[in-house]
Amino acid sequence: MVLQLIQGLFNGLSIGSVLLVVALGLAIVFGLMGVINLAHGELMMLGAYTTFVVQNTFRPLGEPVFSFYIFAALPMAFLVAALVGLALERGVIRFLYGRPLETLLATWGVSLILRQFVRSVNGSLALSLGVFCLLFFGAWVILSRLRRDWSELRNRVLWGVGILSGAIAFFTHKVLDSNPTFSTLWFSARNVDVTAPPWLRGGIPLGNFQLPYARIFIIVLTLICVVGIYWFLNRSNWGLRIRAVTQNRNMSACLGIPTDRVDALTFALGSGLAGVAGVAIALLGSVGPNTGQNYIVDAFMVVVVGGVGNLFGTIIAAMAIGIVTYLIGSGTIAALLLPIDALKPVTEFFLFFATTSMAKVMVFALIIAFLQFKPAGIFAPKGRTAEL
Amino acid sequence: MTQVQDHSPTPQVLNPPLLGISGLNVYYGESHILRNVDLTVGQGQMVCLIGRNGVGKTTLLKTVMGLLSPREGQIRFRNEIITRKSPHQRARMGIGYVPQGREIIPRVTVRENLLLGLEARPQGRKGNDTIPEEIFDLFPVLKTMLHRMGGDLSGGQQQQLAIARALMGKPQLLVLDEPTEGIQPSIILEIEAAVRGIIEATGISVLLVEQHLHFVRQADRYYAMQKGGIVASGATKDLSQEVIQRFLSV
Amino acid sequence: MTVDILSRSQSLKRERKRQFLLEGIAIVAIAIFLIGVMPLLLTPFRLRLLGRFLSLAIVALGIDLIWGYTGLLSLGHGIFFALGGYAIAMHLQLQLPPGQIPDFFPLYGVTELPLFWQPFYSFPFTLLALILIPSLVAGFLGYLVFRNRIKGVYFSILTQAALIVFFNFFNGQQKLINGTNGLKTDTNQLFGVVVSSQPAQFAFYTATILILILLYVLTRWLTSGRFGRLLIAIRDDENRVRFSGYDPTAFKVLVFAISGGIAGISGALFTVQSGIITPSAMDVAFSIEMVIWVAVGGRGTLVGAILGALLVNYARTFLSEQFAEVWLFFQGALFLIVVTVLPDGILGWLRSWQWGKVRALLGMSAPVVTYPSLEQDPEVQKERQEVGEDGNQ
Ligand SMILES: Nc1ncnc2c1ncn2[C@@H]1O[C@H](COP(=O)(O)OP(=O)(O)OP(=O)(O)O)[C@@H](O)[C@H]1O
Ligand SMILES: [Mg+2]
C-alpha cells in the first residue's frame with residue numbers, strides 16, 4: 001500500500017520532471033517574452049534527433065566512450081535547437097512582437113515545415129539549403145559592406161538576391177537528387193530509436209518494482225536545468241538585462257541595453273532548453289517527426305497553471321500535473337479506493353478515467369476548474385507585464 | 001497669435017553645441033505633435049524647457065532619446081547625426097534619460113537598477129558591479145535601500161533612484177523630464193541641489209523639463225513651448241513675468 | 001448644416017440598400033451557377049469534393065465571426081465540427097431494422113444501445129442536436145474561460161487543450177462511439193436513399209450551398225449592425241466596452257456559441273459528403289488549418305473566409321495529388337506569408353490596392369490602415385467625413 005503510493009509518487013514525479021524540462025523553455029519564451037512558440041515541440045524534436053545522430057557518431061568509437069555519448073548529446077542538442085531558435089527569432093518572430101496571435105500562427109507554420117523537413121531531409125536538400133544560405137547571406141553581407149545606400153536598396157535587392165539564390169539552390173537540389181548518395185533520406189518518416197547507454201538501463205529495485213535509472217537521470221537533469229536557469233536569470237549580467245527588458249522594454253533601451261540582442265538571446269536560450277528536453281524524451285521512447293506534438297500542449301498547460309513568468313509556479317504546476325495525471329491514469333487512486341465499499345461509485349468514476357488518455361481529460365477538467373479560482377495561475381505575475 | 005519676443009542676446013557658441021535639434025516634426029499616428037522644433041544645448045549648459053501640460057515637452061525628449069522617430073528633422077549629438085540611431089545606441093553615446101514617471105524597473109532591486117545604469121557606458125557593463133560612492137553622496141537614501149525592490153520605493157525615492165541610475169552611465173547630456181513632479185517641497189530642494197551638484201562636479205549638460213519656477217531659474221537658458229512649437233527662448237535671467245505666466249502652470 | 005446631414009444620411013441609406021441589392025443578386029447568380037451549371041461541368045467525384053469544400057467554407061465563416069470580428073482565435077473548432085459530424089452519423093447509423101444495433105457495438109461486447117444514442121433515432125432531434133450540442137459546448141467552454149477574463153493567446157491555448165481532450169475522449173471510447181475507427185455513413189440510408197448514392201449526394205451538395213448562403217446572410221447581418229460594431233469594439237478594446245456599460249463576457253460567450261453551432265452544421269454536411277467521421281476531425285493541425293483559410297481569404301470579410309477555404313483546400317488537393325511531400329512545406333510557408341506579408345489576406349490586399357490606386361488618382365493621402373470591413377462601412381465613412389470637416393475648421 002505504502003510502496004504502491006511511493007511508486008505512484010515517483011512515477012508522477014518523473015512524468016512531472018519531463019513536463020517541467022519541456023515547459024522550462026516555454027516558461028522563458030512565453031513567460032518572459034509573451035511569445036507563443038508552437039514550434040517549441042519541433043525544437044525538442046530536433047534535440048531528440050540530435051541525440052540520435054550523436055549516438056550514431058559515437059557508436060564506432062567503442063564501449064567506454066560510447067557510454068558517455070549522452071554527455072556530448074546534451075550540449076549538441078542545446079546548440080542545434082538554440083541556433084534554429086535564433087534563426088526563427090531573427091527571421092520571423094522579431095517582426096511580430098506585440099502581435100501574439102500572429103506569432104502563434106507563424107510558429108505553427110514553422111512547426112509544419114520542421115516536421116516535414118526531418119521527414120524529407122537528405123544530402124541534396126541539406127546541401128542546397130546550405131548553398132542558398134551561403135549565396136543569400138553572403139550577398140547580403142558583401143552588398144551591405146560595399147554600398148553606402150544599402151538601407152534604401154535593401155528590400156528590393158534582397159528580393160532579387162533571394163529569388164536568384166533560390167533558383168540556384170533548386171537547381172543544385174535537382175542535380176544532386178539523381179545521385180543516390182545524396183538522395184537517400186537521413187531519417188525518413190519512420191521513428192528512430194535512441195538506445196540509452198548501458199549505465200542508464202535498469203534501475204534501483206524497491207520492493208517489487210524498480211526506479212528506472214533513465215527516469216532518475218531525467219529528474220536530475222531537470223533539477224540541473226532549473227538551478228542553472230535560476231542562477232542565470234538572477235545572478236548573471238545577461239539575466240539582469242533579460243529581466244529588465246521584460247519588465248520595461250523602452251526604459252531598458254534608454255539605459256543602453258541592446259533590446260534586440262536580449263530578445264534573440266532569450267529566445268535562443270528557451271529554444272536550447274527545448275533541445276535539452278529533446279534529449280530527455282529521446283531516452284524515454286522512439287523519436288519521430290511528430291514527437292514534439294505529444295508534449296507541447298501539456299507543457300503549455302504547465303505554464304498557464306504555474307502563472308506566466310514564474311519559475312517556481314512552473315515547477316509546482318509541472319509536478320502537480322505530473323503526479324495527478326499518473327495517479328489517475330494508472331488507476332492508482334481507483335486501486336486505493338477499491339477496498340472501501342462505501343465509495344464504490346467514486347471508485348467506478350476513477351476507473352473510468354484510468355487510462356493515459358482519459359487521465360488527460362480529467363486533468364484538463366481540473367485545470368479549467370482551477371483557473372476559475374486563479375485565472376492567472378498559481379502565482380499571478382506581479383508588477384507590469386505584457387497584456388497577452 | 002502673439003509671439004513673445006526673444007530679447008536675449010544669442011549666446012556665443014564657440015564649440016558646436018552638444019545637442020542640436022532642427023526642423024523636428026513628430027506625429028502620433030496622424031496627429032501632429034511637434035511642429036518645426038529647433039533647439040540647442042551647448043557644452044556644459046543647462047537648458048530648461050517650459051510649457052503647459054500637453055504641449056509636447058515629453059514628446060520632444062522621447063524623440064531625443066529615440067523612443068519616437070520624427071517624420072522630418074534632424075538631431076545631432078556630439079557632431080553626429082543620431083536621428084536614425086536606436087535608443088540604446090544613443091544611451092551609449094552619452095545621453096542619460098530620466099523619464100517622466102521615473103520608469104524604475106519594478107521587480108528588480110535598487111542595486112540592480114543602479115547597475116543597469118552602467119550599461120550606458122561606452123564599453124558596456126562588463127562585469128563591473130561597483131556603485132561609486134559619489135552616487136550615495138548625492139542620494140544618501142539609496143544606500144539604505146539597496147536590496148529593496150525598485151517598485152517598492154516611494155515616489156521621491158524612485159525619482160532619486162532614476163537620476164542616480166542615469167548618472168551611473170557617466171552621460172554627457174542628462175535629460176530630465178519633470179524630476180519634481182508630485183514630490184514634496186523638501187525633497188524637491190534635495191533633488192535640485194543634487195542636480196546643481198552634478199553639474200558643478202562633472203560639467204555635464206542638462207536638458208530639463210520643469211514646472212517649478214525656482215528650479216527653472218537654475219538653468220542657463222529656457223525654451224518655451226506652445227502647441228508643439230517653440231515660441232520663445234532666451235536666458236533664464238531675463239525670464240519676464242509675462243513669459244512665466246504664459247508658460248508655467250504655476 | 002442639419003439638413004445637410006439628414007440628406008446625407010438618407011443618401012447613405014440609399015447607397016446601403018443598393019449595395020445589399022447588388023450583393024443579393026450576386027449571391028443568387030453564384031448559387032444558380034453552383035447548383036445548375038457545376039454538376040454539368042464536374043464529374044460526380046469532383047462535385048462531391050466541391051461540396052465538401054463548400055461545407056468547410058461554412059466553418060470558416062464561423063471562425064471569421066469570432067476571429068476576424070471579435071478577435072478570439074479559437075484553435076479548437078474541430079471539437080464543434082466533429083460534434084456536428086458525430087450527431088448526424090449517429091442518426092445514420094441508427095437507420096436499421098428494429099431491434100438491431102450498429103454493427104460495431106458487438107465487437108466490443110456491447111449488446112444494448114447506450115442511452116445517449118436513443119434520441120438520435122429522431123431526425124428532427126438530430127438536426128437540432130447537431131447545431132445545439134456544439135453551440136452549448138462552445139458556450140459552456142467560453143463561459144468558463146471568458147468569465148475570468150482569460151483572453152488572447154491564453155484562450156487559444158486553452159481551446160487547443162480542449163481539442164486534444166475531446167480527441168482523447170472520442171478516441172478512447174470504443175464502447176460508446178467506436179473510438180479511432182469513427183462512424184461510417186456511406187452505406188446507411190436516409191429517407192430510404194443510400195447516403196453515398198448520387199441523388200443523395202446531389203441533395204447534400206445543394207443543401208450545402210443553400211445553407212452556406214443562409215449562414216453567410218446571417219453572419220453578414222450579425223456583423224453589419226450594432227451587434228457587429230460591438231464585436232469589433234470588443235476586439236479592439238474590451239475594457240472600453242466594459243466601461244461603456246456592456247458586458248463583453250456575455251457577448252463573447254454568445255458569439256462563440258453561434259460560431260460553434262455553425263461549425264456543427266459544417267461538420268454534419270462534411271460528414272455526409274465524405275462518408276465517415278473519426279476523431280481525426282479533432283486533429284490539432286486541422287483546427288489550426290481552419291484559421292489559415294480565413295487568414296488567406298482575408299479576415300473580417302466573411303467572403304474572404306469562404307474564398308480562402310476553397311482556395312486552400314483546392315491547393316491542398318492539387319499539391320498532394322502531384323507532389324505529396326511539398327504540401328506541408330507549402331502549408332507552413334502559407335502560414336508565414338499570410339502573417340508577415342499578407343496580413344489582410346487576398347481580399348484585403350485587393351481592396352487596399354484598389355483603394356490606394358483610386359485615392360492616388362484623386363490626389364489624396366494614403367488611406368488609414370484599419371480592418372477592411374471598416375473601410376467598407378458607410379457609417380464609418382460618414383463619421384470620418386464629419387470628423388475630417390471638424391478638424392479642418
Ligand atoms: N501615445 C500617445 N498617442 C497619442 N497622442 C499622444 C500620446 N502621448 C501623448 N500624446 C499627445 O501628445 C501631446 C503632447 O504630449 P506630451 O506628453 O509631450 O505633453 P507634455 O508637454 O509632456 O505634458 P505634461 O506637462 O502634462 O507632461 C498631448 O496632447 C498628448 O495628448
Ligand atoms: Mg510630459
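Here is how names work: the chains are called A, B, and so on, in the same order as the sequence lines, proteins then strands, and each is numbered from 1. FYI, side chains are in, hydrogens and waters are out, and symmetry mates aren't considered; it's all heavy atoms of this structure.
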Qualifying residues under side chain to side chain donor-acceptor pair (under 3.5 Å), relative to Arg99(A), sequence neighbours excluded: none
Region of Leu116(B) that comes under 4.5 Å of a non-hydrogen atom in chain A: both
Heavy atoms from other residues, nucleotides or ligands near CE of Met76(A) exceed 12 (cutoff 6.0 Å): no
Side-chain heavy atoms of Met251(A) within contact of Arg102(B), under 4.5 Å: no
Distance (rounded to the nearest 0.5 Å) between His88(B) NE2 and Ser252(A) OG: 12.0 Å
Phe232(A) CZ: over 12 foreign heavy atoms closer than 6.0 Å: yes
Within 6.0 angstrom of Phe95(A) CZ, more than 12 heavy atoms from elsewhere: yes
Interface residue of largest heavy-atom contact number with chain B, from Ala253(A), Gly256(A), Pro258(A), under 4.5 Å: Gly256(A)
Non-neighbouring partners of Gln184(B) that pass side chain to side chain donor-acceptor pair (under 3.5 Å), sequence neighbours left out: Ser186(B)
Non-hydrogen atoms of Cys254(A) and Ala91(B) that approach each other most closely: O-CB, 3.2 Å
Contacts of residues 236-244 of chain A with chain B (heavy atom under 4.5 Å): Asn237(A), Leu240(A), Arg241(A), Arg243(A), Ala244(A)
Between side-chain atoms of residues 260-270 of chain A and protein atoms elsewhere (two or more places apart, or another chain), which donor-acceptor pairs fall under 3.5 Å?
{"from": "Asp263(A)", "atom 1": "OD1", "to": "Arg249(A)", "atom 2": "NH2", "distance (Å)": "2.9"}
{"from": "Asp263(A)", "atom 1": "OD2", "to": "Arg249(A)", "atom 2": "NH1", "distance (Å)": "3.1"}
{"from": "Asp263(A)", "atom 1": "OD2", "to": "Arg249(A)", "atom 2": "NH2", "distance (Å)": "3.4"}
{"from": "Thr266(A)", "atom 1": "OG1", "to": "Val262(A)", "atom 2": "O", "distance (Å)": "2.6"}

Closest heavy-atom pair and its distance - Ile105(B), Gln247(A): CG2-OE1, 3.4 Å
Nearest non-hydrogen partners of Glu119(B) and Leu255(A), listed with the distance: CB-O, 3.5 Å
